[in-house]
Amino acid sequence: MSELHREFLLQRDFPPELQEDDRVEPTHASPSAVCRGNLETLLQPCPLVVDLDGTLLRSDLLIETAFAELGRRPYLAVDLAKALCGGKACLKHHLSQPVDFDPAFLPYDEEVLTVIRAAREQGRAIYLASASHERLVSAVSEYLGLFDGWFATNETTNCAADVKAEKLIAAFGKGGFDYIGNDVADLPVWRHAAKSYAIRTSAAVAKKLARQCANVQHLAYEKATWRTWARLLRLHQYVKNGLVFVPLLISQVFDTQSMVNTGLAFLAFSLCASGVYILNDLVDLQDDRGHRTKCRRPLACGDIPLSDAIAVIPILLLLALAVAIMVTPGFVLVLAGYFVLTTAYSFFFKRKMILDVVALASLYTTRVIGGAAAISVWPSPWLLAFMMSWFLSLALVKRYTELIGRRTARLPDTKGRDYRKADIGMVGALAAGAGMNALTLFALYAASDNARDVYERPGMLWLAGPVLACWIARILMLAHRGQMHDDPVVFAIRDKVSLATLAVAGLFVFFAM
């Protein structure tokens with residue numbers, strides 16, 4: 001018996017009366033094989049070895065743990081770079097003790113689990129072989145309770161590609177195991193497997209696998225569609241970027257260049273926002289999986305590979321920059337500020353009480369400033385003050401809704417936010433106060449000399465005030481009842497009453513012009 005195989009057999013639970021010399025080594029049993037020893041072990045079923053990242057899991061633990069660490073402590077990016085200089089094994093060891101790692105919330109592939117359970121019913125030994133660190137792999141193995149042992153990366157050895165193949169050959173022999181994998185790194189392992197199972201392989205990998213292995217079975221899986229990518233890019237959130245048109249409408253500058261610039265500004269904000277939304281989802285993977293609705297996000301549930309999502313981020317940001325350059329230099333600076341602020345929110349502000357909602361309100365207001373920069377006008381201080389208070393109220397409603405939802409579901413306080421369920425009353429009061437403050441600013445503006453300079457009939461603005469008051473009060477009441485979407489802006493664009501109410505308020509502002 002090889003020393004490596006002996007090591008992994010020792011991970012199995014044996015009765016104390018069964019001595020080490022009596023343990024049976026798993027071997028591949030061909031029809032002509034004749035086993036030595038006890039006749040009860042004449043034909044040993046071929047062990048099944050399963051890859052973890054991208055195969056059993058529709059995710060990648062290295063990427064997950066890296067972004068989880070950066071999300072909690074972004075200043076440790078230098079430490080991670082130093083660890084990577086020591087090799088992937090060193091980096092994985094550095095990331096091997098994530099605070100919020102819970103194997104119960106990982107996105108497991110049902111098709112692979114079905115193959116594993118069928119193999120167990122046949123009496124086959126099942127092993128988990130992964131390039132992830134042994135601490136994480138052992139946690140997954142213990143949680144599922146389906147494996148007889150595991151192979152994984154340790155502090156010095158990265159268990160991937162040829163290294164993994166050598167370990168499996170030392171334990172089971174060439175052709176002495178079946179293997180389920182998904183990536184180019186699995187090709188050296190498939191080469192020595194009796195039967196190769198593949199899932200989520202690219203066309204190039206599938207072609208190479210077909211050339212080197214005769215016995216291949218491709219497992220079924222759902223490919224990401226354009227709808228899945230639309231959810232990842234948050235196309236429905238682009239309505240928020242419509243705020244860039246507010247300065248154009250208020251200034252009533254409707255020449256062709258101004259309208260084109262505003263349209264380009266809308267596109268640049270949308271591309272930039274999508275890139276940061278993906279970055280935010282990567283940082284929030286564990287928190288999203290424990291959320292009642294965010295668990296259905298494409299990255300959280302594994303509908304889109306994390307590596308694909310990472311590759312898209314720089315493409316979106318570069319496109320946003322290219323579009324911004326076509327507008328005005330001032331707009332480029334505003335968009336850069338928006339990117340810095342929203343990235344800071346993803347890595348820092350969202351975990352800080354009150355700072356998170358102020359940052360969210362500032363991001364909405366920045367869109368208005370960007371619209372003004374696109375047409376080279378100076379935004380009204382009244383407008384910016386109103387927008388800041390209005391969206392501060394909506395950001396607080398967002399947090400209020402999350403707390404109500406956790407209380408209703410009897411979930412513990414989340415680690416990803418600096419709010420407690422005991423704060424529900426105060427957060428609701430702050431949301432109402434910010435909303436009423438916005439309406440006060442609106443009324444003061446309607447009575448000011450600035451309004452008379454801009455609007456032909458400023459008195460019509462007074463009619464919009466009560467309509468907006470009814471809307472914000474209704475939003476607060478629905479949030480209190482637990483009937484609000486997690487994002488009040490998304491709720492507003494889907495709720496017929498909200499659309500009708502805001503349309504009426506918009507008509508009053510239009511007639512005031």
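Note that the structure is a prediction, hence the values are computed from the model and not measured.
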With rounding to the nearest 0.5 angstrom, report the [atom1] to [atom2] distance, [X] to [Y].
X      : Y      : atom1 : atom2 : answer
Leu61  : Ser130 : CG    : OG    : 6.5 Å
Ser196 : Gln217 : OG    : CD    : 10.5 Å
Leu209 : Arg191 : CG    : CZ    : 10.0 Å
Cys90  : Asn158 : SG    : CG    : 11.5 Å
Arg135 : Phe101 : CZ    : CZ    : 12.5 Å
Leu360 : Leu394 : CG    : CG    : 10.5 Å

Pairwise side-chain contact, [X] with [Y], heavy-atom cut-off 4.5 Å (strictly under):
X      : Y      : answer
Leu136 : Leu95  : no
Arg200 : Glu111 : no
Glu134 : Cys159 : no
Glu64  : Leu106 : yes
Asp356 : Tyr419 : yes
Thr366 : Leu335 : no
Leu146 : Leu113 : yes
Pro305 : Asp60  : no

I'd like to know if the side chain of [X] reaches the main chain of [Y], judged simply by a donor and an acceptor atom lying under 3.5 Å from each other, with no hydrogens or angles considered.
X      : Y      : answer
Asp495 : Phe491 : no
Ser141 : Ser138 : no
Asp109 : Thr55  : no
Arg124 : Cys46  : yes
Arg58  : Cys301 : yes
Thr365 : Ala361 : yes
Ser393 : Ala431 : yes
Asp148 : Ile126 : yes
Asp423 : Arg420 : yes
Asn154 : Thr157 : yes

Inset, instruction - Taking the six-membered ring for Trp and the full ring for Phe, Tyr or His, determine whether the centres of Phe177 and Tyr127 are under 6.0 Å apart. - result: no
Between [Y] and [X], does any NZ, NE, NH1 or NH2 come within less than 4.0 Å of an OD or OE carboxylate oxygen?
X      : Y      : value
Asp287 : Lys350 : no
Asp102 : Arg289 : no
Lys164 : Asp51  : yes

[X] atom [atom1]: more than 12 heavy-atom contacts under 6.0 Å:
X      : atom1 : result
Gln483 : CD    : yes
Lys294 : NZ    : yes
Glu222 : CD    : no
Arg227 : CZ    : no
Lys208 : NZ    : no

Inset, instruction - Kindly assign one of parallel, tilted or perpendicular to the pair His93 and His133, based on the angle between their ring planes and the thresholds 30° and 60°. - result: tilted
Inset, instruction - Take the angle between the ring planes of Tyr338 and Phe269 and call it parallel below 30°, perpendicular above 60°, tilted in between. - result: perpendicular
Inset, instruction - Check the pair Tyr238 / Ser274 against side-chain contact (heavy atoms from CB on, under 4.5 Å), numbers first and verdict last. - result: CA-CA 9 Å; Tyr238 285 6; Ser274 287; 2.6 Å; yes
Inset, instruction - Begin with the C-alpha distance, continue with both residues' side-chain angles, and end with the deciding distance and a verdict on side-chain contact (heavy atoms from CB on, under 4.5 Å) for Val189 and Val49. - result: CA-CA 10 Å; Val189 185; Val49 183; over 6 Å; no
Legend entry - Side chains of Tyr197 and Asp178, donor plus acceptor under 3.5 Å: no
Legend entry - Check: Ser346/Thr343 side-chain N/O donor and acceptor closer than 3.5 Å: no
Grab the two heavy atoms, one from [X] and one from [Y], that are nearest each other, plus how far apart they are.
X      : Y      : result
Thr401 : Ala479 : OG1-CB, 3.7 Å
Phe266 : Asn241 : CD1-O, 3.4 Å
Asp288 : Ala300 : CB-CB, 4.0 Å
Ala206 : Thr201 : CB-OG1, 3.9 Å
Tyr143 : Ala104 : CZ-CA, 3.5 Å
Ile472 : Gly435 : CG1-CA, 4.3 Å

Inset, instruction - List the steps, then state whether side-chain contact (heavy atoms from CB on, under 4.5 Å) holds for Leu168 with His192. - result: CA-CA 9 Å; Leu168 296 181; His192 301 291; over 6 Å; no
Inset, instruction - Might you work through the salt bridge (charged side-chain N to carboxylate O under 4.0 Å, His left out) test for Asp303 and Arg231, ending with a clear yes or no? - result: CA-CA 11 Å; Asp303 287 345; Arg231 287 193 293 119; 3.4 Å; yes
Inset, instruction - Mind running side-chain contact (heavy atoms from CB on, under 4.5 Å) on Leu91 and Leu62 for me, showing each step along the way? - result: CA-CA 9 Å; Leu91 175 63; Leu62 175 59; 4.2 Å; yes
